Amino acid sequence: MSNIEYTESNKARETKLIRADLCIYGASSAGIAAAIQARRMGLNVVIVESSFHLGGLTTGGLGMTDTGNKAAIGGVAHEFYEALGRYYGGGEADGMQWTFEPSVAKNIYEDWLQSAEVPVYFEKQLDVVEKNGERISCLVMKDGSRYGARIFIDATYEGDLLASAGVSYHVGREANEVYQETLNGVHYGHPNHNFKTWVDPYIVPGKPDSGLIAGVQDVPVLHQGAGDASVQAYNFRICLTNVPDNRLPIPQPPGYDPDAYTLLARYIKAGVWDALRLHKPMPNGKTDLNNFGAVSTDYIGGCDQWPEGDVRTRERLFQDIRRHNMGLLYFLGHDDQIPEAIRNEVGQWGLPADEYPNTGHWTPQLYVREGRRMISSLVMTERHCRGYDQAHDSVGLASYKMDSHNCRRLVIDGRCINEGNVEVPSSAPYPISYRSIVPKEGECDNLLVPICLSTSHIAYGSIRMEPVFMILGQSAATAAALAIEADCTVQDVEYARLRQKLLDDKQVLDWQSC
């Protein structure tokens, strides 16, 4: 198994300055959609990416698209799923393809960027953001390279650019009272992804003084709806196959410790086997494996340091979560504590030989479900998701349920409890405000943020889907082009002109008109 690193490689320090009309930091799905739209509008564009991976989660294993209402997906995002449909011979009834292999998605993105003549600079870790007053003038990377532009887009999952630019943001869960919500903050009692039976959390069952087993936190209980610094758990969206000719065995990861899975073994012994239930089939005998149940691939309680972590912190967490995910699969397939029937079931699956050849056939993209969230003049909240409040400056629609994975695993009354899972449908596709993707006036006037936009924790759980990120990336690039044309700040872009251009480019902005 070749090692996968989150950090940039050590390279000779560079000092060159690269200039463009638009600089996009982050080669995510949002960044790519923004680049394509900006080129269509005549801008000179550059993408700068901290890792060596192109396409974010869309090429990183999330091949089972979380769509919500598919009719709400327009513009460049719609074109992407159409392109997948053509590749797979017509797609579904609508001509689109919503399940796909990572390598196919990557090839489409690479073709798009090559045709649009968009350069991508990989392994560029942001060091300093230079500003002239309220305007970003240049991004300086740790290797000394510099990227200047008139407008910038933060297309990272973490919000690294917005934070370095001095823009207001929040990490963690707000208390319900902050935005008059009901589903934010600490959340107990949701039946999904919680323990279906009693599981003892102590190293010596029934003996609190023996300490807690791995995966259980010694944290305060906190009351329902309280705010804290927790983020919903990360994992990897794991591409597996059961096709013998393409299947490679799951390797034992470096640092593997079977004791790390005592909780899972106890849960299975108690009668519950569901950790790998969420296999979503993709073409050519592959699956997108996601977290399911109380004990699965989610690294519950271990991700809180990621959003604001430095490179070393993120590298450590990346390896911890990879070890947890890969080790879980290895444990289930090999450990004698696991019933033979389950070992045989898990043994049918392996890594696909034709995916991720440069990283040992394991995705290099961690599923960062939630990083920083900008605080702008408008914050998208649960009230927008439910249709009680409505944004009148729409730059795209969201429609997925309000979905938070668990944030903590703790002990209550002597047993394991998962806390933080929420799955509540939105009322209907709802508009996302332009004000939520631009900073407050006076903080930064040439930055747009399509991923770490201004939302509460629970609203972000609905908005944080790859098609929506592509939609917002396209809308951000459109606003950037209009701001350059009018020589104005991103806050002063005339919404009527922005709206008309988005509609001309087939964005879906209003559900009533669909």
Side-chain angles (χ1 to χ4, degrees), residues 27-33 35-37 40 53-116 118 120 236-248 276-290 348-359 361-365 367 397 399-400 465-471 473-474 505-508 514:
S28 60
S29 56
I32 293 170
I36 297 305
Q37 177 68 13
R40 290 174 178 175
H53 177 66
L54 178 74
L57 284 159
T58 294
T59 61
L62 206 164
M64 177 66 189
T65 306
D66 295 318
T67 56
N69 192 311
K70 296 171 183 174
I73 300 171
V76 172
H78 191 274
E79 294 175 33
F80 174 73
Y81 296 105
E82 279 185 323
L84 288 166
R86 289 192 296 272
Y87 176 86
Y88 286 111
E92 301 174 11
D94 57 2
M96 317 282 274
Q97 182 75 27
W98 304 98
T99 59
F100 51 88
E101 299 157 273
S103 54
V104 174
K106 183 179 180 181
N107 288 340
I108 290 172
Y109 278 158
E110 287 178 336
D111 289 346
W112 279 9
L113 293 174
Q114 184 176 8
S115 297
V118 176
V120 183
F236 287 92
R237 295 296 285 257
I238 307 170
C239 184
L240 297 174
T241 183
N242 61 358
V243 177
D245 290 344
N246 194 37
R247 182 181 62 203
L248 299 172
L276 302 188
R277 182 176 296 177
L278 204 54
H279 270 300
K280 293 293 187 178
M282 300 190 298
N284 296 317
K286 297 174 187 173
T287 67
D288 169 358
L289 175 65
N290 195 10
Q348 298 175 21
W349 297 96
L351 300 178
D354 59 350
E355 296 287 349
Y356 308 116
N358 297 324
T359 54
H361 311 283
W362 186 273
T363 175
Q365 178 64 58
Y367 193 171
L397 301 181
S399 62
Y400 201 72
M465 304 302 152
E466 290 289 288
V468 178
F469 290 157
M470 284 189 262
I471 290 167
Q474 177 182 353
D505 291 335
K506 297 183 170 49
Q507 288 280 50
V508 182
C514 296

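Side-chain atoms are counted along with the backbone in the values below, which use heavy atoms only and exclude waters and symmetry mates. By convention here, the first residue in the shown sequence is residue 1. Everything numeric here is computed off the predicted structure, so don't read it as measured data.
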S.K.: How many angstroms lie between atom CE of M282 and atom CG of L289, to the nearest 0.5 angstrom?
M.R.: 10.0 Å

S.K.: Please name all residues satisfying side-chain hydrogen bond (donor to acceptor under 3.5 Å, both in side chains) with Y88, sequence neighbours left out, ordered by chain then number.
M.R.: E101

S.K.: So, taking the atom named OG1 in T241 and the one named CZ in R247, what distance separates them when rounded to the nearest 0.5 Å?
M.R.: 8.0 Å

S.K.: Just wondering, more than 12 heavy atoms not from K280 lying within 6.0 Å of its NZ?
M.R.: no

S.K.: Kindly write out the residues that satisfy side-chain hydrogen bond (donor to acceptor under 3.5 Å, both in side chains) with T65, not counting sequence neighbours, or none if the list is empty.
M.R.: none

S.K.: Checking L113 now: which residues fulfil side-chain contact (heavy atoms from CB on, under 4.5 Å) with it, not counting sequence neighbours?
M.R.: I32, A35, I36, I47, L54, V118, V120

S.K.: Could you walk me through whether W362 and I238 pass the side chain to side chain contact (heavy atoms under 4.5 Å, CB included) test, one step at a time?
M.R.: CA-CA 7 Å; W362 186 273; I238 307 170; 3.6 Å; yes

S.K.: So, taking the atom named NE2 in H279 and the one named CG in D288, what distance separates them when rounded to the nearest 0.5 Å?
M.R.: 10.0 Å

S.K.: Looking at residues at least two apart in the chain, or sitting in another chain, which of them share a side-chain contact (heavy atoms from CB on, under 4.5 Å) with P281?
M.R.: none

S.K.: Kindly state each residue pair satisfying salt bridge (Lys or Arg N to Asp or Glu O under 4.0 Å) with at least one member in residues 71-88, sequence neighbours excluded.
M.R.: R40-E79

S.K.: List for me each residue that meets ring-ring contact (aromatic ring centres under 6.0 Å, His included) alongside Y81, sequence neighbours excluded, and say none if there are none.
M.R.: W98

S.K.: Using a 4.5 Å cut-off on heavy atoms from C-beta on, say whether the side chain of P102 contacts that of R237.
M.R.: no

S.K.: Can you name the closest pair of heavy atoms from A27 and H53 and give their distance?
M.R.: CB-O, 4.3 Å

S.K.: Is there any side-chain hydrogen bond (donor to acceptor under 3.5 Å, both in side chains) pair reaching into residues 106-115, and which pairs are they, with sequence neighbours excluded?
M.R.: none

S.K.: Just distance, no hydrogens or angles: give the donor-acceptor pairs under 3.5 Å from side chains in residues 348-357, sequence neighbours left out.
M.R.:
residue: D354; atom: OD1; partner: N246; partner atom: ND2; Å: 2.8
residue: D354; atom: OD1; partner: K286; partner atom: NZ; Å: 3.1
residue: D354; atom: OD2; partner: K286; partner atom: NZ; Å: 3.1
residue: E355; atom: OE1; partner: S103; partner atom: N; Å: 3.0
residue: E355; atom: OE1; partner: S103; partner atom: OG; Å: 3.4
residue: E355; atom: OE2; partner: S103; partner atom: OG; Å: 2.9
residue: E355; atom: OE2; partner: K286; partner atom: NZ; Å: 2.8
residue: Y356; atom: OH; partner: T59; partner atom: O; Å: 2.9
residue: Y356; atom: OH; partner: G61; partner atom: N; Å: 3.1

S.K.: If the condition is ring-ring contact (aromatic ring centres under 6.0 Å, His included), which residues does F469 pass it with, not counting sequence neighbours?
M.R.: none

S.K.: My understanding is that only residues two or more places apart in sequence, or in another chain, count here; which of them pass side-chain contact (heavy atoms from CB on, under 4.5 Å) with A77?
M.R.: I73, M470, I471

S.K.: What residues form a side-chain contact (heavy atoms from CB on, under 4.5 Å) with D505, not counting sequence neighbours?
M.R.: Q37, Q474, K501

S.K.: Would you please name every residue forming a side-chain hydrogen bond (donor to acceptor under 3.5 Å, both in side chains) with H78, sequence neighbours left out?
M.R.: none

S.K.: Drop me the distance from C239's SG to H361's NE2, to the nearest 0.5 angstrom.
M.R.: 11.5 Å

S.K.: How long is the gap from CZ on F100 to CG on N284, to the nearest 0.5 Å?
M.R.: 14.0 Å

S.K.: Roughly how far apart are D66 CG and M465 CE, rounded to 0.5 Å?
M.R.: 5.0 Å

